[in-house]
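Structure first, commentary second.
Because only heavy atoms are used, hydrogens play no part in the values below, and waters and symmetry mates are left out as well, while side chains stay in.
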Amino acid sequence: MNPKNGSVDADAASFSSTHWSVILSAAQDQTLAGQAALAELCRTYWYPLYSHVRRRGYSPHDAQDLTQGFFLHLLEHRGLTKVDPHKGRFRSFLLASLQNFLSVAWHREQTIKRGGVCTFISMDAENVEGLYKLEPADDLALTAEQIFDARWALTLLKQAMASVRAQYVACGKRKIFETLESFLPSGSKEELSSYHGAAAMLGVSEAAVNTLIHRLRQQYSVALRREVSRTVTEPATIDEEIHFLCEALVAAEGHLAQ
């Protein structure tokens, strides 16, 4: 993550209908556009919430039902009408809302009792639990909230990476992306890590590789900021949010599987 790459003006110009404050405004009016945008963000960032529920001591099956039930509760009820669209971050809002949801016995028991009725998010029980088993043990120095923030940051990085990959594939540049992916912050560590090796694979000079990497990093920075912009209320807070998530990743370094 590079919190200094890009400008506030550019960020303001690129804000879309999935921007958190727009979602809030639309959802408060119960519009289809607002509900759809909120649902899209929930589907993207569901795993950090599932992991948090599991850390509260629920079984894999109950945690899946509770995560599904929480999202449906969020979308079906008018709780968003009490949220100030000019304050807060989607990350913080979801975590606080989930904790409140879990603290209300009726919500909890009714969701578990329904057991699997919710199909808001497609979950592969075996894969999701396999991922959770790679999470840090409860006796480590990290709090559940710190783990949630770090997992959120990793999810965000993956979304940005997937966006850039899609752009390169669409332009017929899959090989360039896959060769240079390791030069990005969240790139695969198994790929080549030297300019010389990358140049050899692509059949170009090292100077050309340097230019390609520079362009790739620029596109990645734009994708990252665009992804963050979907979860904050205004362009001016993007750098602050990126800085916060960087710190969350540093604090959790070596403890979370990527």
For E240, is there any backbone N or O sitting under 3.5 Å from a side-chain donor or acceptor partner on T237? no

Can you tell me if S103 uses its side chain to pair, donor with acceptor, with the backbone of N100 under 3.5 Å? yes

If the condition is side-chain contact (heavy atoms from CB on, under 4.5 Å), which residues does T211 pass it with, not counting sequence neighbours? R215

Return the minimal non-hydrogen interatomic distance between A198 and L180, and the atom names on each side. CB-CD2, 3.8 Å

Would you confirm whether Q146, through its side chain, and T143, through its main-chain N or O, come within 3.5 Å as a donor-acceptor pair? yes

Heavy-atom closest pair, residues F148 and P48: CD1-O, 3.4 Å

Applying side-chain contact (heavy atoms from CB on, under 4.5 Å), name anything that partners E247, two or more places apart in sequence or on another chain. H243

Minimum heavy-atom distance A223-V164, with the two atoms named: CB-CG2, 3.7 Å

Looking only at non-hydrogen atoms, find the nearest pair between K175 and M201 and report the distance. NZ-O, 3.1 Å

Would you find a donor on one side and an acceptor on the other, under 3.5 Å apart, between the side chain of T155 and the backbone of R151? yes

Is the W46 ring parallel, tilted or perpendicular to the Y50 ring (thresholds 30°, 60°)? perpendicular

Is there a path of hydrophobic side-chain contacts, each under 4.5 Å between heavy atoms of I, L, V, M, F, W or Y residues, that connects V204 with F183? yes

May I ask whether W152 and L95 are part of the same hydrophobic cluster, defined by side-chain heavy atoms of I, L, V, M, F, W, Y residues being less than 4.5 angstrom apart, directly or through others? yes

What's the shortest heavy-atom distance between F177 and L184, and which atoms? CE1-CD1, 4.5 Å

Could you tell me whether K173 and E178 have a side-chain N and a carboxylate O separated by less than 4.0 Å? no

Report yes if some heavy atom in the side chain of Y47 is under 4.5 Å from a heavy atom in the side chain of T67; otherwise report no. no

Within the 4.5 Å heavy-atom criterion, are L212 and L202 side-chain neighbours or not? yes

Note: L216 and E181 closest approach over all heavy atoms is CD2-N, 4.3 Å

